[in-house]
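Below, chain A is the first sequence line, B the second, and so on; all start at residue 1.
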There are 2 protein chains.
Amino acid sequence: MVTPVVPRIVAGRIAHCERCGVRARSVCASLPGNDLERLASIAVVRQCGPGEVIMMEGEPAAAYHNITSGFVRLHKSLPDGRDQVTGFARPGDFLGLASEDNYGVTATAIGAVQLCRFPRDRFRKLMHALPSLEDRLLAVASHELVIAQERMLLLGRKTARERVASFLLDLDSPCGETGAILLPMTRSDIADYLGLTIETVSRTLSAFRREGRIDLKVANQVQLIDRNGLRRIAEARA
Amino acid sequence: MVTPVVPRIVAGRIAHCERCGVRARSVCASLPGNDLERLASIAVVRQCGPGEVIMMEGEPAAAYHNITSGFVRLHKSLPDGRDQVTGFARPGDFLGLASEDNYGVTATAIGAVQLCRFPRDRFRKLMHALPSLEDRLLAVASHELVIAQERMLLLGRKTARERVASFLLDLDSPCGETGAILLPMTRSDIADYLGLTIETVSRTLSAFRREGRIDLKVANQVQLIDRNGLRRIAEARA
DNA sequence: CGACGCATTGATCGCGCTCAAATGTCGTGG
DNA sequence: CCACGACATTTGAGCGCGATCAATGCGTCG
């Protein structure tokens with residue numbers, strides 16, 4: 001078994017922020033040492049298995065969460081089962097911001113997930129005491145809004161090819177320029193993210209492979225070959 | 001000519017917040033009298049004609065805006081002209097939140113628009129000095145995110161009938177239960193908002209009229225008749 | 001009046017969905 | 001090691017919703 005960067009912590013125990021591998025990427029980065037301790041004091045570490053629901057659309061927003069390891073699917077559903085993934089969350093991402101009194105989306109663990117849970121009231125009180133934390137949250141929320149607007153353009157106006165190309169390029173940057181992209185999510189997740197069906201996603205990936213734009217070693221491992229070509233497709237240029 | 005609720009103010013003049021008709025609806029509502037004056041001191045009133053661009057996607061985010069009268073179209077475009085309206089803004093709404101260093105969307109005046117312009121740096125400085133203002137902005141951003149997620153579900157997964165029904169019901173509440181809904185935007189705006197074409201929007205509205213769910217007195221005046229029926233369609237129930 | 005812009009309606013097309021089958025992948029147990 | 005089943009992915013065939021192309025209606029303004 002591979003040793004994770006983040007040390008395994010028993011669920012329910014207090015977080016050890018100073019050793020946390022995602023601190024630099026997360027909202028916690030805005031806090032100096034002693035303030036970080038105050039945040040840590042209200043955090044509870046939680047473990048989730050694959051498919052486990054972290055928070056449920058429509059239910060009272062009891063807590064905020066910060067992912068320390070694993071991937072999470074954020075999604076909304078229609079009564080007949082149609083599902084729209086609004087986003088994927090990675091280690092360091094903050095969940096629950098998109099809430100008023102009730103959660104707006106459901107968060108489901110894709111694989112094993114570890115996160116810090118902050119009870120809503122205590123977190124909000126602390127946020128008011130720590131201006132740099134609120135600053136950071138506003139920045140995160142604004143950034144999420146920009147992402148959301150980009151996704152509306154994708155969902156409302158882009159073709160299947162453009163959607164899949166955009167998706168591949170979005171995944172590209174965080175994973176670095178070398179090596180293949182590892183997809184933590186299934187075709188079904190991707191389809192629900194892009195507003196398509198699994199078949200269309202699969203067909204489009206196969207087409208990109210035939211055209212020499214990508215290489216599919218295994219189903220969940222994509223190597224980008226012709227980034228510029230994909231970029232042209234994604235942005236609908238030429 | 002109809003006298004507007006908000007007194008006409010010459011462009012470039014300082015705002016008169018205490019007389020402002022939209023104060024209760026906007027971010028300014030979070031501020032007590034003397035703080036409001038500080039905000040007013042950095043505000044510049046601006047007038048825009050129909051079609052005028054208030055801010056442009058990709059350009060440096062030089063200022064925030066608060067609409068005091070008129071309607072605004074927020075949208076993103078693809079190089080080939082395809083356009084996605086990410087939202088409509090009404091009096092009291094705050095623009096520019098969805099920005100990092102550059103604007104993420106373009107804001108275009110639909111009719112005549114009047115707004116308060118806050119230079120970015122001065123506004124951010126003031127925001128840090130006035131916690132209740134930053135609080136309010138975070139609340140606004142969170143709310144916008146919830147709206148955005150709902151729209152992703154609509155754009156990614158709903159049928160044309162479901163989209164149009166959702167649109168009509170969304171417009172319904174702010175306009176009250178009685179009388180017809182006045183649509184300030186064109187069919188083209190609605191289509192770009194719903195990820196459809198003008199023809200499909202028009203056909204769907206006609207279908208709803210034939211089915212006795214709505215009444216179309218004139219093209220931009222819709223009377224909802226069967227709200228429950230529309231609700232069933234919008235939510236894809238039964 | 002005619003010209004223009006916006007909305008509606010009609011006819012046809014095509015992208016992406018649906019239904020169906022084949023193929024691949026992985027874990028489990030003989 | 002292979003046989004087997006469960007499940008994810010790929011591929012194929014045909015269809016339908018919404019787009020496209022085109023014509024008409026309709027209100028406003030010069």
A/Arg151 NZ/CZ over A/Tyr193 ring centroid, <6.0 Å and within 45° of normal
yes

Side chain of A/Arg203 - closest among D/dG12, C/dT9, C/dG16
D/dG12

Which of these nucleotides, D/dT10, C/dC17, C/dT25, is closest to any side-chain atom of A/Ser202?
D/dT10

When we call it a touch if two heavy atoms are under 4.0 Å apart, what does A/Arg209 touch: a base, just sugar-phosphate, or nothing?
sugar-phosphate

Is any side-chain nitrogen or oxygen of A/Arg187 closer than 4.0 Å to OP1 or OP2 of D/dC7?
no

Looking across every strand, which nucleic acid part, if any, lies under 4.0 Å from B/Thr186 by heavy atom: base, sugar-phosphate, or nothing?
sugar-phosphate

So if I take every side-chain heavy atom of A/Thr197 and compare against C/dC17, C/dT8, D/dT11, which nucleotide ends up nearest?
C/dC17

Given B/Asn228 and B/Asp226, is the side-chain contact (heavy atoms from CB on, under 4.5 Å) satisfied, shown in steps?
CA-CA 6 Å; B/Asn228 287 331; B/Asp226 178 18; 4.1 Å; yes

Which residue lies more 5' along DNA chain C, comparing A/Val218 with A/Arg161 via nearest heavy atoms:
A/Arg161

Regarding the side chain of B/Leu196, the nearest nucleotide among C/dC17, C/dT25, D/dG18 is D/dG18

Check whether any side-chain nitrogen or oxygen of A/Thr200 sits under 4.0 Å from OP1 or OP2 of C/dC17, and answer yes or no.
yes

If we ignore hydrogens and angles and just use 3.5 Å, is the side chain of A/Ser142 paired with the main-chain N or O of B/Leu97 as donor and acceptor?
yes

Considering only heavy atoms and no angle criterion, is a donor-acceptor pair shorter than 3.5 Å present between the side chain of A/Arg210 and the base of D/dT10?
no

Looking at every strand, decide which applies to A/Ser206 at a 4.0 Å heavy-atom threshold: base, sugar-phosphate, or nothing.
sugar-phosphate

Of all heavy-atom pairs linking B/Leu168 and B/Ile181, the shortest is O-CD1, 3.8 Å

